[in-house]
Amino acid sequence: MSAAFAHRHLLAIEGMGPDDIDLLLDAAETHVEVNRGEVKKGASLRGRTVINLFFENSTRTRTSFELAGKRLGADVINMSVATSSVKKGETLIDTAMTLNAMHVDVLVVRHPESGAVHLLSEKVNCSVINGGDGTHEHPTQALLDALAIRRRKGRLGGLSVAICGDVAHSRVARSNIHLLNIMGARVRVVAPPTLLPANIDRMGVEVFHDMARGLAGCDIVMMLRLQTERMQGALVPSTREYFHFFGLDRDKLAVAQPDALVMHPGPMNRGIEIDSVIADDIDRSLIREQVEMGVAVRMACLEALVEHRQTLRND
Amino acid sequence: MRLLFRAGRVIAPEAGTDRVEDVLVENGVIADRGPALLPDDLLGNPPADVEVIDARGLCLAPGLVDMRVQLREPGEEHKENIASATAAAAAGGVTSLACLPNTEPVIDEPSLVEFIARRAAETGRARVYAYGAITRGRAGKHLTEMGLMTAAGAVGFTDSPHTVADARVLRRALGYASTFDQLILNHPEEPTLAAGGAMTEGEIATRLGLPAIPAAAEAIQIERDLRLVELTGGRYHAGPLTTAASIEAVRAAKRRGVAVTADTAPHYFALNETAIGDYRTFTKVSPPLRSEWDRRAVVDALKDGTIDVIASDHSPQDQDSKRLPFQQAEFGMIGLETLLPLGLELVHNGFLTLGALIAALSANPARILRRPGGTLAKGAPADLVLFDAAKPWRIDEKAFRSKSKNSPFDGRPVQGRVIGTWLGGRRVYGAAS
């Protein structure tokens, strides 16, 4: 890497610049090739300790970070903290104190509360990567989505991207909206008003409540996961009504560009927000590649933060 | 012993005057007020029984009356108790305060009203009044013994910071309380719209990914309550008011002649939602900090008198209640010791006259609560605050008398500092001159 990543933590896409994002995506690109080779293990993080601290269940993201760390030669430890205990916050601060004593290099944190990772980053002396906090941000997901798009489309700027579904409760949507705006893409959100947060238009998106209009002419369709408990009358009346109006199927996708690509952060609710025929269509679906890019992007993020720590130490 | 405050800028809300004069205190009450009460030749050598306090260049006003304070005693004395709260009050120039019934146990019966009065008398630093709960346990269902609590000294009734949601219960409360000509306050937040919310709804909440409370939740509650007040003819006090729409509802009701008064707190005119920044939990209050547009409406409402009172909304929270992810953190900030300097920002910025500010901080709440204070009339208790309105300083949490330090104003440069506070002619704060 020529330029260096100049942040101690990776907490949010909001506030990053296009150079930061290009730097991480370019670095990730090199890891994609290595990951596809036979010998995948490098040594750039040998002797470093990465802890995956997950206050919320996640197999996919945790595995992705674990693999990323191990492929760079780091010692990776997974810690799952039960969030069912009465006072979650005490655990959070107490955990920070404990980790400080362990001389960790990078901490990857997922937490069900917005801002919890930021709070933790103020209390620990290592670098922190936000692995998803509440409904706030999930920066590495947006980076891996961007990498997947860039590899297929050759660019991010100028693309028209429709983000569909439960934007209100989605940290993935927020990080993607920020990143795509920073990189010059045009972003739309498509959902019924009950699934959109207030003033979402102020984040630089066009708002649609109808898939036919929202998807018209777009290059990328990003579907979001809708939790089943929100579909039984709370925010939408039923799963069948939701799929009828907002589920992605061939008919709805037909109004997008002929080469439009479909993405989903997973895990998918097949037949609710996305039809299996589309999810499994290798010409249209980027879903498998998203997972692959996840490891590469997380390797780039881990490396960037460790290098930054090193430069600070050398100064 | 007599006290003579010499040549201060004296703000007397009952007379509507703001001029340089002397104030003489005798036997704990205001004995006289006027220019040069003590002849100049006696100043250097005053009578032995007169303590002369040189108030030149300083302001002298009635002690502040803070009608919205959470005491935490009984039940949460690790956050605050009556001794620490009244020490904070004295340091802030507050000589009377009314506490919300959200203690543990809830102040919902006469013995607890008496308990507060007894504990306050022991400390002797401020007059402390209690609101009784409207409903038993503040559970929103069964009316409390309002008559007996009134007899025990309750200054009004509220379930705040809970809202009495059930319209029928509030209707009955307003009607029943009117038997005793008592005041009803209801937390201005429609609870189903506010449920789970941590900040005001809008772009910032959306960016932070925090569950939000629409500003309309306040106007909806206030408008419903005002209709019930018209139905019952009860006395109703709205607050803290924080939105343009709820203020407009109160303004319209006042125009119709409804018996309604209103308050706000300094954070609703000194801060807006952007103060939350990166999830600063000290800015988490109920109702939440609002948009800049709403903040300006609060200032305008203080200017035109729609909002009668500025109260601190003092809500002590310890570190364990605030050093949490934003959504889990408790609501509230302390305010007794910052009430006057933050209020003075309105004067320094040209929005209020000093007289209007002092009325909103003393005379108006005293009148609404029907308790002594807020006046410098002859014969009134000598509850006084002497302050330097121009003095620049920085708010410093380390200097707070409150047990809890949850103030987002720590470090804020302000102008105006309390020099001394007197309760019934007795100095309760400030070094002897």
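In what follows, every chain begins at residue 1, and chains take the letters A, B, ... in the order their sequences are listed.
- At a 4.5 Å heavy-atom cutoff, the contact between A/His178 and chain B is made by side-chain atoms alone.
- Ring pair A/His136/B/Tyr279 is perpendicular by interplanar angle, where above 60° counts as perpendicular and below 30° as parallel.
- Counting heavy atoms of neighbouring residues, nucleotides and ligands inside a 6.0 Å radius, atom CZ of A/Arg186 does not exceed 12 of them.
- Minimum heavy-atom separation, A/Ser114 to B/Leu210: CB-CD2, 3.9 Å.
- How far CG of B/Leu208 is from OG1 of A/Thr135: 9.5 Å, rounded to the nearest 0.5 Å.
- Of the candidates A/Asp133, A/Leu119, A/Leu120, B/Pro325 forms a side chain to side chain contact (heavy atoms under 4.5 Å, CB included) with just one, namely A/Leu119.
- In this structure a side-chain-to-backbone donor-acceptor pair under 3.5 Å is present from B/Arg207 to A/Arg202.
- In this structure, A/Arg8 places its CZ atom where more than 12 heavy-atom neighbours from other residues, nucleotides or ligands lie under 6.0 Å away.
- Other residues, nucleotides and ligands contribute only 12 or fewer heavy atoms inside 6.0 Å of the CH2 atom of B/Trp293.
- Crowding of A/Asn125 atom CG: a count of heavy atoms from other residues, nucleotides or ligands under 6.0 Å exceeding 12.
- Within a 6.0 Å sphere centred on CZ of B/Arg251, other residues, nucleotides and ligands contribute more than 12 heavy atoms.
- At distances below 3.5 Å, at least one donor-acceptor pair connects side-chain atoms of A/Arg174 with backbone N or O atoms of B/Thr206.
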